[in-house]
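Letters A, B, ... are given to chains in the order of the sequence lines, protein chains preceding strands, and every chain is numbered from 1.
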Amino acid sequence: MESNGDFFTRAFDVVRRIPGGKVATYGQIARLIGEPKKARYVGFAMHSSPGVAGGVPCHRVVFKDGSLAPGFAFGGADAQCKLLEAEGVTFLSDGRVDMNACAWDGRDPNRMGPPPGFLTAAEFGD
DNA sequence: CCTGTGACACGTC
DNA sequence: AGACGTGCCACAG
């Protein structure tokens, strides 16, 4: 029901579950939704997202490399970096997020059962 | 109605 | 090791 065909709604739901101080990648979110091939569309969903005020912390969504949006973002990678930093996310000298320490486990503390295909930080261990 | 586009990811060269 | 091409699907014009 809720999710029916709204891929966006599902994406928002997952992004919304991202705990503060952690970041998730488009691919991870897509995978959590169950559509790893739609990783591309996840970003598009964020573009259509109501914004952080709407409950969708798009700033917590970053690239798999840990880099932020090139500038297409809600206010620029600079703003995103600032928001993430305010959340407690650590950044590297390259301006990338420290996926090594801030990679979301895909498991929400508010949720008991981990979503299907949850990703672990080990997956980011490149 | 059809074409083009788009905040990516993965496989292969 | 990096660079290129492909796949995916929904929304806009």
Which atom of [X] lies closest to which atom of [Y], heavy atoms considered:
X         : Y        : value
Ala101(A) : Thr90(A) : CB-OG1, 4.4 Å
Tyr26(A)  : Met46(A) : CE2-CG, 4.4 Å
Trp104(A) : Gln28(A) : O-NE2, 3.0 Å
Val42(A)  : Ala30(A) : CG2-CB, 3.5 Å

| query | In residues 83-90 of chain A, which ones come under 4.0 Å of DNA chain B, going by heavy atoms? | reply |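 Within this stretch, nothing sits under 4.0 Å of the strand.
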So which protein N/O to nucleotides 10-13 of chain B N/O distances come out below 3.5 Å?
{"from": "dC10(B)", "atom 1": "OP1", "to": "Lys64(A)", "atom 2": "NZ", "distance (Å)": "3.0"}
{"from": "dC10(B)", "atom 1": "OP2", "to": "Lys64(A)", "atom 2": "NZ", "distance (Å)": "2.6"}

Using the ring of each side chain (for Trp, its six-membered ring), is Phe8(A) parallel, tilted or perpendicular to Phe12(A), with breaks at 30° and 60°?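 The rings of Phe8(A) and Phe12(A) stand perpendicular, inter-plane angle above 60°.
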*asked:* Checking Cys81(A) now: which residues fulfil side chain to side chain contact (heavy atoms under 4.5 Å, CB included) with it, not counting sequence neighbours?
replied: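 Per chain and number, Cys81(A) pairs via side chain to side chain contact (heavy atoms under 4.5 Å, CB included) with Leu68(A), Phe91(A).
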To the nearest angstrom, how far is [X] atom [atom1] from [N] atom [atom2]?
X        : N       : atom1 : atom2 : value
Phe44(A) : dA9(B)  : CZ    : C1'   : 17 Å
Asp65(A) : dA9(B)  : CG    : P     : 7 Å
Phe8(A)  : dA12(C) : CZ    : P     : 9 Å
His47(A) : dT5(B)  : NE2   : P     : 16 Å

Distance-only donor-acceptor pairs under 3.5 Å for side chains of residues 55-63 of chain A, two or more places apart:
{"from": "Arg60(A)", "atom 1": "NH1", "to": "Ile18(A)", "atom 2": "O", "distance (Å)": "2.7"}
{"from": "Arg60(A)", "atom 1": "NH2", "to": "Glu87(A)", "atom 2": "OE1", "distance (Å)": "2.9"}

Do any N or O atoms of the protein come closer than 3.5 Å to N or O atoms of nucleotides 6-8 of chain C, and which pairs are they?
{"from": "dG7(C)", "atom 1": "O6", "to": "Arg40(A)", "atom 2": "NH1", "distance (Å)": "2.8"}

Exercise. Scan for salt bridge (charged side-chain N to carboxylate O under 4.0 Å, His left out) pairs involving residues 36-51 of chain A, sequence neighbours excluded, and state none if there are none.
Key: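 The answer is none; no pair qualifies.
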Roughly how far apart are Leu84(A) CG and Asp98(A) CG, rounded to 0.5 Å?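 With rounding to 0.5 Å, CG (Leu84(A)) is 12.0 Å from CG (Asp98(A)).
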